[in-house]
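Below: the structure, in structure tokens.
Keep in mind the model is a prediction, meaning the values are calculated, not measured.
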Amino acid sequence: MKRLWRDPAVLIALGVLTALALAAIFAPLLAPHDPAQQIDIVRLKSRPPSGAFPFGTDPLSRDVLSRVLYGGRVSLGVGFLAALGSVAIGTVYGAIAGYAGGAIDEALMRTVDALMAMPRVLLVLTVIALWGGASPGALIAFLAATGWFQISRLVRAEVKSAGTRDFALAARALGATDARVLVRHILPNAMSPIIVAATLSFGSAILLEAGLSFIGVGIQPPRASWGNIMHDATGVNLWWLSLFPGLAIVATMLSINALGDRLRDALDPRDLPPL
């Protein structure tokens with residue numbers, strides 16, 4: 001972990017993510033206008049960036065800076081909660097499959113294989129179409145329910161490997177129950193890949209939410225998200241509507257991926273320097 005904290009890429013990534021998170025949390029204090037307010041649809045619509053409106057205005061004369069700040073609350077919040085749900089479901093599912101083994105493991109993994117055969121975007125779009133729309137809470141549930149497949153396979157492999165090691169065998173020999181062996185001994189030793197998977201799942205959920213909102217099936221106006229702000233630029237030549245939320249998405253994804261890569265390297269015992 002000392003090596004991780006000395007890595008400039010990690011410090012930059014954490015700084016960017018912290019800045020974005022703080023800007024989203026304190027959006028009511030930082031935003032100069034209400035994100036849904038149409039300030040003056042006759043005189044102030046589609047204004048380019050200026051001193052009065054640093055990020056410009058959209059065709060409805062709404063302040064883009066305010067919408068980007070408030071949109072960060074939605075995009076980051078949906079991504080974080082969806083990733084948390086995916087990791088929870090995948091960890092429980094994979095742990096049960098890996099520890100039980102045999103026919104239970106086979107049945108659970110074949111179910112995952114069948115679910116993974118469907119593209120995630122298509123699966124989410126199908127569920128949203130059947131549901132009849134997606135509120136932020138519903139979108140979090142949809143993304144969490146479709147994002148745990150790879151995590152479950154990763155956890156299963158770690159649990160099967162850890163279950164045959166000496167500390168797990170010793171715990172069983174001392175009379176520990178299966179639940180105690182799994183929760184107290186095996187899962188803590190499988191946390192490193194789970195942490196890395198959670199980091200990457202966070203970025204994947206943010207990108208998927210932005211894509212769904214961009215095509216009009218995710219977060220619905222007037223609620224702002226980075227994806228539907230970019231959607232407002234379709235059909236009009238207003239570059240600032242795509243630039244600023246796009247930069248926020250790119251900065252977030254680059255930071256998350258850099259942090260995930262460095263975490264994977266730092267938590268992999270095979271990459272530790274020799275003594």
Side-chain angles (χ1 to χ4, degrees), residues 12-41 44-85 133-144 199 201-234 238-257 259:
I12 293 172
L14 286 175
V16 171
L17 290 175
T18 301
L20 290 169
L22 290 176
I25 292 170
F26 294 106
L29 300 177
L30 298 175
H33 301 279
D34 186 293
Q37 179 188 2
Q38 299 180 18
I39 303 170
D40 188 337
I41 200 168
L44 296 179
K45 69 176 183 179
S46 304
R47 288 293 184 91
S50 63
F53 300 100
F55 286 9
T57 62
D58 67 7
L60 297 178
S61 73
R62 296 174 297 191
D63 179 48
V64 177
L65 172 59
S66 301
R67 290 182 63 75
V68 169
L69 290 173
Y70 274 89
R73 305 183 95 186
V74 174
S75 296
L76 294 176
V78 168
F80 176 77
L81 293 176
L84 198 63
S135 64
L139 189 58
I140 291 169
F142 297 155
L143 295 179
T199 304
S201 178
F202 179 34
S204 175
I206 290 175
L207 196 60
L208 186 53
E209 180 277 323
L212 293 171
S213 298
F214 177 75
I215 63 176
V217 297
I219 303 299
Q220 298 298 310
R223 190 191 301 270
S225 82
W226 290 338
N228 67 22
I229 296 172
M230 297 179 69
H231 173 77
D232 293 338
T234 56
L238 304 178
W239 55 267
W240 54 92
L241 287 180
S242 298
L243 176 64
F244 295 114
L247 287 176
I249 294 172
V250 169
T252 302
M253 295 304 302
L254 288 176
S255 299
I256 290 173
N257 288 336
L259 187 59

Can you name the nearest heavy-atom pair linking [X] to [Y], along with the distance?
X	Y	answer
V74	A224	CG2-O, 3.3 Å
P54	P49	O-CB, 3.1 Å
S255	A251	OG-O, 2.8 Å
R223	P136	NE-CG, 3.6 Å
S46	T57	N-OG1, 3.2 Å
M230	P245	CG-CG, 3.5 Å

**Asked** Looking only at atom types and distance, does a side-chain atom of S61 sit under 3.5 Å from a main-chain N or O of L44, one as donor and one as acceptor?
**Response**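 No, S61 side chain to L44 backbone: no donor-acceptor pair under 3.5 Å.
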Starting at [atom1] of [X], measure out to [atom2] of [Y] and round the result to the nearest 0.5 Å.
X	Y	atom1	atom2	result
I229	W240	CD1	CH2	14.5 Å
F202	T252	CZ	OG1	7.5 Å
Q37	D40	CD	CG	10.0 Å
L65	Y70	CG	OH	11.0 Å
L69	L20	CG	CG	10.0 Å
F26	R73	CZ	CZ	10.0 Å

**Request:** Given side-chain contact (heavy atoms from CB on, under 4.5 Å), test L238 with K45 step by step and report yes or no.
**Result:** CA-CA 11 Å; L238 304 178; K45 69 176 183 179; over 6 Å; no
Show which side-chain atoms of residues 206-222 pair as donor or acceptor with protein atoms under 3.5 Å away, not counting sequence neighbours.
residue, atom, partner, partner atom, Å
E209, OE1, S75, OG, 3.2
E209, OE2, S213, OG, 2.7
E209, OE2, S225, OG, 3.2
S213, OG, E209, O, 3.0
S213, OG, I219, N, 3.0
S213, OG, S225, OG, 3.4
Q220, NE2, G216, O, 3.0
Q220, NE2, G218, O, 3.0

**Item:** Set of residues satisfying salt bridge (charged side-chain N to carboxylate O under 4.0 Å, His left out) with respect to D34, sequence neighbours excluded
**Value:** none
**Prompt:** Is there a side-chain contact between H33 and F53 (heavy atoms, below 4.5 Å)?
**Reply:** yes
**Prompt:** Taking side chain as C-beta onward, heavy atoms only, is V68 less than 4.5 Å from W226?
**Reply:**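 Yes; the side chains approach each other to less than 4.5 Å.
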